[in-house]
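What follows is a single structure, written as structure tokens, with notes after it.
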2 protein chains.
Amino acid sequence: MVAMPHPTPHARPAVTRDDVARRAGVSPAVVSYVVNGGPRPVSAATEAKVRQAVKALGYRPNSAARALALGSSEMLAMIVPDAINPFYASLARAVENAAAERGFTLLLADSQDSLRTERRLIKNFAARRVDGLFLSSVLFEPDLMDLEQADIPVVLLNHPADVVLKGGVGGRGANAVGVDFQEGGRLAVEHLIGHGHERIGLVMGGNADSELDAREVGWQQGIRDAGLTPGPIIRVPFTRQGGYRAGQELLARTERPTAVFVCSDQQSAGLLCALHEGGLRLPEDMAVFSFDGAPESEYTWPRLSTVAQPLKDLAQGALDALLNPKPGPENNTKIFPAELILRASCGCH
Amino acid sequence: MVAMPHPTPHARPAVTRDDVARRAGVSPAVVSYVVNGGPRPVSAATEAKVRQAVKALGYRPNSAARALALGSSEMLAMIVPDAINPFYASLARAVENAAAERGFTLLLADSQDSLRTERRLIKNFAARRVDGLFLSSVLFEPDLMDLEQADIPVVLLNHPADVVLKGGVGGRGANAVGVDFQEGGRLAVEHLIGHGHERIGLVMGGNADSELDAREVGWQQGIRDAGLTPGPIIRVPFTRQGGYRAGQELLARTERPTAVFVCSDQQSAGLLCALHEGGLRLPEDMAVFSFDGAPESEYTWPRLSTVAQPLKDLAQGALDALLNPKPGPENNTKIFPAELILRASCGCH
DNA sequence: ATGAAAGCGCTAACAC
DNA sequence: GTGTTAGCGCTTTCAT
């Protein structure tokens, strides 16, 4: 059981709208009109008086009261599976900026790759009546019940499953915004093949029984298209730690691939470390193509070539999907193209 | 000017406490008593009826209403200067977990190293009547006016200036929690000296006119204590990019130090990249001691030796300082010791 | 153009 | 043990 917070009633009582009204010699309603710029017009003289009283008293509207009256908290929420991952942190920043432009405060939360935490956060946000939620879920089929009950719109952000992006999730089908993982994977592999590689491995997250990640499909497709046979697949968690283990496994193999496509920049960081420790020269002994385009990919050694996700587009698209949902049931998915960033780890430069 | 959000009144009206009361055949107050576990006792039979109604209707209390009645939002806020920096992301996670244990929701915001954004966020949080704020400010003297006016307690988290930590900020002196930057710097330098280095440079953030960072003081102290003369000081932003530039500067020098103390892991990442590109062998040609203990420091090449900040202690200490402030004016600062993590970049292993 | 007043959903003091 | 009710501070309709 969780201890309840100890509400500290504020000693110095806050300045309320009525105080302002009194001081300005007008009615409380007028103060609202001035502060909100509507819905009724106010004479210039009155407005000036009010503004002055506001400033003199240091009045700031109580947003709990506003939320209660309005039925809207003017807050959007976002849940990411790992806020320490610079990619998600960057994505969150992009979304926050987009939201701020529209006057919304973004509540950022970190499910820490835990289903239980994700559930707790969703319940919490539902209770707080956020106006919408961006969800990068841990799960292929996240539990959206609480949100549906509270009638809170959701946008699935960057969901790895192609299935979901194409179908929709939950009863009424959530909106989804993502990037074309499959094409991104394909392009990366195609590029590696262009460097002359014929045996290309894959470092992937999750484990075999979960649904197919589109990046894996793209990897396979790129290889098949070139008439080659797929290299080894190594499944490790989407962490630096996981990537490190993948690197060790790669080193231990007898028939080592000459290149790998790694499905996240974090894994790549760990992988590079392991490969260096194994004495490999990079990219000569092993070329690496990464995925995400997180800021950390720019200053690794060697610098990572990576499939960059267009964060701004993603953020704008997600906000748009949340605020102006398309009526049709099928139109609710947006997929943006990924873009290759060519640096040293693949053999360029 | 910022566009106002378009409040979307929810089509499906939410289930309220009165609905539950009606359904359970009790009074609204009793529903509160059950849901909140008080303040008045309720018979077991009634409680069962209420719980059932709650479940049947899918009732969740409206926290805006609760906040209004209570005068407390049960939210704490935290502002970090750069949420993409894994160190701050880790710190935020530690704080979030500590807050969740006590029943608070943490609102995490990212000032993106911008004074204007920091101000906007503070105003926003003040308006939302958060119950407290953790602030890792961009500034040496952050503007706490709005918070004082709203009577919201603040804890300065990890403020770089020793001055502030010792003195207190703002009118009534904010609480501050941090780690002993000076001693951390001294220990790092001492360790490098133990490896035989006699010419040790410093990569520091900010520029000369800002107040002295305690890490710099510690670096100097360590060098002086050993009877050596300080190596070059390079001032670049606290970013990977900045570290990269520092590395380039180091490469360009004629009398290059044999070791550097770098004041953040992010800078170290960039620095390593530049040094590799310059053809240096690490740590043989240049030893590096870093600062922060962020997760990224573990998988760089070579792995970074670093001064780790005790995140859990910091988080617990900050929460404690916020929730149970000490009465005295001088007791409001807590400083935790830093700890060395020895890996390869300093010459160990 | 301005004022009065009815909620928004909840908490908790007060009555029974 | 349970019901009644007066706010919490704001938005907005309706009257003036």
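Every heavy atom of this structure was used, including side-chain atoms; hydrogens, water molecules and symmetry mates were not. In what follows, chains carry the letters A, B, and so on, assigned in the order in which the sequence lines appear, proteins first and then strands, with residues in each chain numbered from 1.
- If you check every strand for non-hydrogen atoms under 4.0 Å, A/Thr46 touches sugar and phosphate atoms only.
- For the 3.5 Å distance criterion, the side chains of B/Thr105 and A/Arg128 qualify, holding a donor opposite an acceptor.
- Distances were taken from every side-chain heavy atom of B/Arg66 (C-beta onward) to each of D/dT12, C/dC10, D/dT4; the shortest belongs to C/dC10.
- You'll find that the side chain of B/Ser43 is closest to D/dT2, out of C/dG9, C/dA12, D/dT2.
- Between C/dA4, D/dG3, C/dC10, one nucleotide has an atom nearer to the side chain of B/Ser32 than all others, and that is C/dC10.
- The distance from atom CG of A/Leu70 to atom P of C/dA6 is 20 Å, rounded to the nearest whole Å.
- Distance, A/Arg40 CZ to C/dG3 P: 13 Å, rounded to whole Å.
- Taking atom CG of A/Asn62 as the reference point, atom P of D/dC8 lies 12 Å away to the nearest angstrom.
- One finds a side-chain N or O of B/Ser27 lying less than 4.0 angstrom from the OP1 or OP2 phosphate oxygen of D/dG3.
- The structure places CD of A/Glu96 at 12.0 Å from CG of A/Leu319, a figure rounded to the nearest 0.5 Å.
- Contacts of B/Pro61 with the nucleic acid, taken as non-hydrogen atoms under 4.0 Å apart, involve only primed sugar atoms and P, OP1 or OP2.
- A salt bridge does not link B/Asp313 to B/Lys334: none of the charged side-chain nitrogens sits closer than 4.0 Å to a carboxylate oxygen.
- Nearest-nucleotide positions on DNA chain C for B/Leu68 and B/Pro39 put B/Leu68 closer to the 5' end.
- Of the N and O atoms on the side chains of B/Ser72 and B/Asp131, at least one donor lies less than 3.5 Å from an acceptor on the other residue.
- Atom C1' of nucleotide C/dG9 and atom CD of B/Glu74 are separated by 15 Å, given to the nearest angstrom.
- Each of A/Ala65 and A/Val42 was assigned the nucleotide of DNA chain C with the nearest heavy atom; the assignment lying further toward the 5' end belongs to A/Val42.
- When distances are taken from the side chain of B/Ala29 to each of C/dC8, D/dT12, D/dT4, the shortest belongs to D/dT4.
- Rounded to a whole Å, the CG atom of A/Asp18 is 15 Å from the C1' atom of C/dT2.
- In this structure, CG of B/Asn36 is placed 16 Å from C1' of D/dT2, rounded to the nearest angstrom.
- Taking atom CZ on A/Arg128 and atom P on C/dC10, their separation rounds to 14 Å, with Å as the unit.
- Taking side-chain N and O atoms only, B/Tyr59 has a distance below 4.0 Å to OP1 or OP2 of C/dC10.
- Between C/dA4, D/dG3, D/dG9, one nucleotide has an atom nearer to the side chain of B/Val30 than all others, and that is D/dG3.
- Distance OH (A/Tyr33) to C1' (D/dT12): 6 Å, rounded to an integer number of Å.
- Between atom CD1 of residue A/Ile79 and atom OH of residue A/Tyr88 there is a gap of 12.5 Å, rounded to the nearest 0.5 Å.
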